[in-house]
Each structure stands twice: as structure tokens, then as C-alpha cells.
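Each remark here refers to the structure printed beneath this line.
Bear in mind that the values here come from a model prediction, so they are computed numbers and not experimental data. For ligands, and for the atoms within them, numbers begin at 1 and follow the listed sequence.
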Amino acid sequence: MENIITIERFILDNQPEYAVGEFTNLLYDIALAAKAIAANTLRAGLTDILGLAGATNIQGEKQQKLDVFADQIIIRLCDHTGRLCVMASEEHEDIIPIPPKYPKGSYVLVFDPLDGSSNIDVNIGTGTLFAIFRCVDWDLRGRLEDCLQPGRNIIAAGYILYGTSTMLVYSTGSGVHGFTLDPNLGEFLLSHESITAPDPPKYYSVNHSYIRHWSDGVKKYIRWLQGRDGSDLLLSERYIGSLVADFHRNLLHGGVFLYPGQASKPEGKLRLLYEAAPLAFLIDQAGGYASDGHRPILDIIPSNLHQRVPLFIGNKELVEEAEHFIRKVDSD
Ligand code: FDP
């Protein structure tokens, strides 16, 4: 028992000096929301017997969709604590202000409550992603500007993976640490301390069905990842189509995940604020790199809450090579 470190103890023992109090408690709030979401995603397969999402249950209540549930639980656990000045969620078009009846805090929480939710029906892992910024102006209640900050301003980010077990992986800027939920104790326990991108990497991950829509630079880069055209890489391909699960696998085994832009959708599919930036912060902390194919994801200042961005993320040298191919081939 003495080797067991709960997430509460780890956060407390490792909190940055500036963060004592409000910020530490905000991380606890997120861990609590994660447990509530995990409890519900575990029951997702029972919707057939307990009632489909969107349908009315036996008590006449509407069954909630899991992504709506996840969104509401995070908001409810975080809006009244006095730790936040504003929130933004992938599920909401606009910012989520802190109701005037509650005190205003100094942090900004942006999140994707349940990413990859189309996978729930087929029992595949999904995830919650989050990032925390400081508010821009302490004297004001939260505004859009507080949310539209570049990844470089993130002070903590992480994800929760609802898979064969539930894991919370986060960083406050001093390494990346992973915790696994012990369902008997109802606690996240430290299971992966100081995760670093393994070398040599094992996997590359991309949805190949879009090949006809990619630039020549991206196509050539993928040939290179496949060990063709002069590369001696021996990567296997793995693609789940659930970002957190794909990222997590590559973080632990090494590799690169890419969701490039397409001719008709140059900005790709993934969201800068809720998906790319939090993962870019984590991979940076793990010694890896994230790029949009030209520049670091962490440098991009979002122009709107739901901005999309091409994403190349994983082991540093693999991602830098993507930039190299795109620069060389696509600018010819
Ligand atoms: P989903 O549409 O199931 O919510 O961001 C959304 C996302 O999943 C990511 O989790 C995933 O990586 C990506 O879309 C998969 O997109 P494709 O089906 O186009 O490959």
C-alpha cells in the first residue's frame, strides 16, 4: 500500500509554487468529473436495455447523450468554485461565462468533453481533452480573449482516456504523468510517471482513405514513413479514429499521428483549441513535437473558438520530417 500514490497526493506534492490552492483544486475538479464520465461511459453498452440516448426512460426523463452528459458534468463541477473566469467547450458555440452569482477566479478552462463519441456505439475508447490558461485581465470577468490564447500560454493540459481502463494523463509543465482509475478504490493511482516519447518509435497513424485529397508532400511523407523512398523506418500502421486513444498509444510506444489538411479542407478536421493545442503541450513535455506541417501548433493564436488545424504529432524527428517534406515538395 505504501507505494500507492493517488492523484490527489501527486498533484499536492508536485504543484508548481505559483499554483498552490485554486489551480491545484481545479485539477481535482477535473479528476472528479473524469470519474463521473467514466462511470457513465462504462454503462454505455447498456443503453439498449436501459433506453437509447435521446429516448425517454421509464421515469419519463430524457436519456442524455454521453457527450452532453460529459459537457454538463464538467461545467457543473467547475462553474461555482471561484477558480475559473470563463470556460469554452467543443459542445458550445460561444464561451461559457461563470454565472454572476458565483465568484470569478483567475483561470480559463477549455475542453472537449467527449472526443471520438461516434465510437461509443462500437465499444471503442473515447476521451476528454482539456487545457488551462491564466485569464488575460484579472479585473474583468471572462471574455473570448481569455480563451483565444496560443498553446504556449497553457499552464496545464491533459486528457482522460475511457478505454479498457480509465486513465488520466496530464502535465503542469514539469513532465507528463499518467494515472489509472482503480474501480474498486474509485481513485486515480499513479501508474506512468514521467512519460517520454520512446525511441525507436513503433507506429504511424493516419486515415488512409483520404489519400486522394492530400498534397504531394504529405503523400511522399507517408511513403517515407512506410520505409520507402530511402527511409529505413520499420513503423507499423495503427489507426483507431479516436484521437485520444490514437495519441495515447503513440505516446506510450512512440510514433506519429497525422490528420493533414485536404484540397477542399486545408484546415483539416481537428480543433486547435480543444484537441491540437492540449496534445501539443503534452507531447512537448514528453520530448516530442506537434506541427501543422509548417510551424509549431503551440505558436498558433486561435482566431475563433472552433478553428480547425492540420495536425502532425509525435516523436520530434518524425514530425520535423513532415515539415521538411511539405516545405520541399509542396512549395516546388
Ligand atoms: P469523432 O469524429 O468520432 O468525434 O475529432 C473528432 C474525431 O472523432 C477524432 O477523435 C478522430 O481522431 C477523428 O475525428 C477521426 O476522423 P476520421 O473519421 O475522418 O478519420
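Here is the list of ligand 1 atoms found below 4.0 Å of a heavy atom in Leu270: 5 (O). Distances below 4.0 Å separate heavy atoms of Tyr259 from the following atoms of ligand 1: 16 (O), 17 (P), 19 (O), 20 (O). Counting atoms of ligand 1 from 1 in the listed order, those under 4.0 Å from a heavy atom of Glu275 are 5 (O), 6 (C). For ligand 1, the atoms sitting less than 4.0 Å from at least one non-hydrogen atom of Asp115 are 5 (O), 6 (C), 9 (C), 10 (O), numbered in the order shown with element in parentheses.
More than 12 heavy atoms of other residues, nucleotides or ligands lie within 6.0 Å of CG in Leu233, so this atom counts as buried by the packing criterion. By the neighbour-count criterion of 12 heavy atoms within 6.0 Å, atom NZ of Lys316 is sparsely surrounded, having that number or fewer from other residues, nucleotides or ligands. Dense packing is recorded around NZ of Lys219, with more than 12 heavy atoms of other residues, nucleotides or ligands lying under 6.0 Å away. Asn123 CG: 12 or fewer foreign heavy atoms inside a 6.0 Å radius.
For an aromatic pair to be called close, the ring centres must be under 6.0 Å apart, and Tyr221 with His324 fails this. The distance between the ring centers of Phe133 and Tyr107 does not fall below 6.0 angstrom. Checked against a 6.0 Å centroid threshold, the rings of Tyr159 and Phe130 do not count as neighbours.
In terms of protein heavy atoms, atom 11 (C) of ligand 1 is closest to Gly241 O, 3.4 Å. Annotation: atom 3 (O) of ligand 1 to nearest protein heavy atom, Ser118 OG, 2.5 Å. Protein heavy atom nearest atom 2 (O) of ligand 1, with residue, atom name and distance: Lys269 NZ, 2.9 Å. Here the protein heavy atom with the shortest distance to atom 4 (O) of ligand 1 is Gly116 N, 3.2 Å. What sits closest to atom 19 (O) of ligand 1 on the protein, heavy atoms only, is Tyr210 OH, 2.4 Å.
Within the 4.0 Å heavy-atom criterion, both parts of Leu243, backbone and side chain, lie near ligand 1. Of all the heavy atoms of Arg271, none lies under 4.0 Å from any atom of ligand 1, so neither backbone nor side chain is involved. Neither the backbone nor the side chain of Val244 comes within 4.0 Å of ligand 1, counting heavy atoms alone.
Here the CD1-CG distance, from Ile74 to Asp112, works out to 8.5 Å after rounding to the nearest 0.5 Å.
Where the criterion is an N or O separation shorter than 3.5 Å, residue side chain and backbone included, Phe257 fails it with respect to ligand 1. In terms of polar-atom proximity, defined here as any N/O pair under 3.5 Å, Asn207 does make such a contact with ligand 1. In terms of polar-atom proximity, Asn119 is not counted as a contact of ligand 1, lacking any N or O under 3.5 Å from an N or O of the ligand.
The two residues Ala70 and Ile37 make their nearest non-hydrogen contact at CB-CD1, 3.7 Å.
Distances from atom 15 (C) of ligand 1 to the heavy atoms of Tyr274, Phe247, Tyr239 show the closest one on Tyr239.
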TODO: Show your working on side chain to side chain donor-acceptor pair (under 3.5 Å) between Ser205 and Arg249 and close with a plain yes or no.
DONE: CA-CA 10 Å; Ser205 313; Arg249 180 201 53 241; 2.8 Å; yes
